[in-house]
K.L.:
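Pasting in a structure now, in structure tokens, and then I'll have a few things to ask.
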Amino acid sequence: MCMVQKMRESMPQTPIFPSMLGSTCSGQVQPEMGEHCGDPVYQDGSLVSGSLEVLIERLVPTLDYYPDKTYIFTFLLSARIFIHPYEILAKVGQMCIKQKQQLESGSEADKAKLKSFAAKIIQLLREWTETFPFDFQDERARKEMKEIAQRITQCDEENGTIKKSISQMTQNVLVVLSTRGQFQEVREKIRQPVSDKGTILKTKPQSAQKDILSVCSDPLILAQQLTTIELERLGNIFPEDLMQIISHMDSLDNHKCRSDVTKTYNLEAYDNWFNCLSMLVATEICKVVKKKQRTRVMEFFIDVARECFNIGNFNSMMAIISGMNLSPVARLKKTWSKVKTAKFDVLEHHMDPSSNFCNYRTALQGATQRSQSANSSREKIVIPVFNLFIKDIFFLHKIHSNRLPNGHINFKKFWEISRQIHDFLTWKQVECPYEKDKKIQTYLLTTPIYTEEALFLASFENEGPDNHMEKDSWKTLRSTLLNRA
């Protein structure tokens, strides 16, 4: 099941956060924002709606105007829902021609104005290519950018400064596109869960079985290594990827298949990482034969989750808690009776889903505030629970319309979406302060994990079935796995 479909099925039913959006953003237009109001419309000094054409005009610099950075980011992020990036570039090019023609009198004063105008266009293109480089994977977008470049290069033919800037900008885009292409080619191989009878039914002696504690027995170090993996994966997610969720959803709602919508490979890879970590935790616990050692592994992961919380790595923390709450682990009552669960109870309190994960959101806000005032990279780390972050965007998009009844784009909605995505970009750009430990990371990323069936079977063999239903399940599982093997 794809990520978008999973979110549609599990979408939260309560507001995600205290929204900046008023009733106007759900499609209910106040009288002053009706059909006869201006274009664009402002509210308390902020642009809240406008036609697509007018919003594009606000993107394009003039001799006396340059758009605010937050507007550039929000518009380029959200406009792709309504129009292809290459089409926006084409319109920008048309507006450049008009403004250039108005300044071509031949006088020295106008030549200086042309250079100033050209510099602003280059600045806009630079911001675009640096923030949304993958818009230029489309050959049509590269073609439009090249045509704009040719027009504005004529504004400074004497010293070629503009031409050099455009050449460098183009080269930078090609490097980024090449890097991403290489990443997609070597995208992580999804490890195949283990379910063969040799691994599960004939458990190796404890001394010969490699486990997480034999690789890393320090909870803090393991939490740091998990954080390096998280930050590396976050680094491969871009604003365009996050907006693809909305594009996919709109396509599904309109019963259309958009061939231009890029598959959300990076989002799905990150989602897979969360699931693999949860299953790894459950595997490490269930594969241990001796109860005393199994108790030790449980307490170790509780300490790792706590260290992740202290670091600000909420995604790994949630994955560990999820793994320990899987049924094959949760049913190990004899083992849990030996575990000191006070610390685990605190962690579960932080991730309590009631009131729409209110406790987690409070902790996330605290980590964000710490990050904003921090001097060291270690204090700047904020890694949100990614599934919840995605659902926030998904839910915000779902409950507020893209357009108002008068046809205006509901820009107030997109200010809020862009604010959340901008926070995410800030978090993912933090430099990882921890050195990679190749041995630990290899184990975390490649060690075999059990299937759900194999986890249940291992769990039953560690602590026998408690009731008739579990006994029947145990017999069925053994038979199924033996037949497969």
Side-chain angles (χ1 to χ4, degrees), residues 211-213 215-235 237 270-285 296-326 329 339-353 357 359-371 374 376-390 423-424 426-428 430-437 439-445 447 449:
D211 63 11
I212 188 66
L213 290 175
V215 177
C216 178
S217 60
D218 187 328
L220 175 58
I221 291 176
L222 189 64
Q224 291 173 346
Q225 292 305 305
L226 287 171
T227 302
T228 64
I229 293 172
E230 296 277 358
L231 288 173
E232 186 174 292
R233 276 156 174 68
L234 284 183
I237 295 173
Y270 196 35
D271 191 44
N272 286 338
W273 154 248
F274 180 96
N275 295 332
C276 283
L277 179 55
S278 294
M279 294 296 281
L280 174 64
V281 169
T283 299
E284 290 293 321
I285 293 169
R296 187 181 168 208
V297 172
M298 281 187 175
E299 291 181 337
F300 174 73
F301 277 118
I302 291 171
D303 287 337
V304 173
R306 188 175 65 163
E307 294 295 351
C308 285
F309 177 84
N310 293 336
I311 288 171
N313 180 358
F314 298 106
N315 200 57
S316 289
M317 173 191 171
M318 179 66 110
I320 293 170
I321 293 173
S322 298
M324 298 187 76
N325 279 324
L326 289 174
V329 178
V339 174
K340 297 173 184 177
T341 56
K343 288 184 284 188
F344 188 67
D345 293 340
V346 172
L347 294 174
E348 286 205 305
H349 173 74
H350 286 306
M351 294 298 163
D352 183 356
F357 290 90
N359 295 338
Y360 157 68
R361 295 182 189 283
T362 300
L364 179 64
Q365 185 179 19
T368 301
Q369 291 172 347
R370 178 189 69 181
S371 176
S376 70
S377 295
R378 289 173 183 252
E379 295 176 329
K380 289 182 179 179
I381 295 171
V382 180
I383 302 173
V385 178
F386 193 64
N387 270 335
L388 291 179
F389 174 77
I390 292 297
D423 286 345
F424 175 82
T426 301
W427 297 334
K428 88 180 191 103
V430 171
E431 184 178 349
C432 184
Y434 312 119
E435 289 187 14
K436 283 185 180 181
D437 184 306
K439 181 181 177 184
I440 296 173
Q441 295 224 351
T442 299
Y443 188 86
L444 290 171
L445 295 170
T447 193
I449 54 177

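Index from 1, following the sequence.
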K.L.:
Could you go through the side-chain contact (heavy atoms from CB on, under 4.5 Å) check for V329 and M298 one step at a time?
P.N.:
CA-CA 9 Å; V329 178; M298 281 187 175; 3.8 Å; yes

K.L.:
I want to know whether F389 and F424 have ring centres closer than 6.0 Å.
P.N.:
yes

K.L.:
Evaluate the side-chain contact (heavy atoms from CB on, under 4.5 Å) criterion for residues L234 and W427: first the C-alpha distance (whole Å), next the side-chain angles of each, then the deciding distance (0.1 Å), finally the verdict.
P.N.:
CA-CA 9 Å; L234 284 183; W427 297 334; 5.6 Å; no

K.L.:
Would you give the length of the straight line joining atom OG1 of T368 to atom NZ of K380, rounded to the nearest 0.5 angstrom?
P.N.:
14.0 Å

K.L.:
Tell me which one of Q441, E232, Q225 satisfies side chain to side chain donor-acceptor pair (under 3.5 Å) with K436.
P.N.:
E232

K.L.:
Locate the shortest heavy-atom distance separating Y443 from I212; write the atom from each residue and the value.
P.N.:
OH-N, 3.4 Å

K.L.:
Minimum heavy-atom separation for P219 to F300, with atom names?
P.N.:
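For P219 versus F300, the nearest heavy atoms are N-CE1, 3.6 Å.
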
K.L.:
Give, for atom CD1 of I390 and atom CD1 of I237, the distance between the pair rounded to the nearest 0.5 Å.
P.N.:
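Rounded to the nearest 0.5 Å, the CD1-CD1 separation comes to 7.0 Å.
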
K.L.:
Quick one: are E284 and L280 in side-chain contact, heavy atoms under 4.5 Å?
P.N.:
yes

K.L.:
Looking at every non-hydrogen atom in both residues, tell me the closest pair between A223 and V304 and how far apart they are.
P.N.:
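Where A223 meets V304 most closely, the heavy atoms are CB-O, 3.9 Å.
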
K.L.:
Dump the intermediate steps for side-chain contact (heavy atoms from CB on, under 4.5 Å) on D345 and H349, then the final yes or no.
P.N.:
CA-CA 6 Å; D345 293 340; H349 173 74; over 6 Å; no

K.L.:
Taking all non-hydrogen atoms of both residues into account, name the closest pair between M317 and A305 and its distance.
P.N.:
CG-O, 3.7 Å

K.L.:
How long is the span from the CD atom in Q224 to the CD1 atom in I311, to the nearest 0.5 Å?
P.N.:
5.5 Å

K.L.:
Applying side-chain contact (heavy atoms from CB on, under 4.5 Å), name anything that partners E299, two or more places apart in sequence or on another chain.
P.N.:
T295, V339, K340

K.L.:
So, for L226 and L277, which heavy atoms are closest and what is the spacing to 0.1 Å?
P.N.:
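Heavy-atom minimum between the residues: CD2-CD1, 3.9 Å.
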
K.L.:
How are the rings of F314 and F309 set relative to one another: parallel (under 30°), tilted (30 to 60°) or perpendicular (over 60°)?
P.N.:
perpendicular

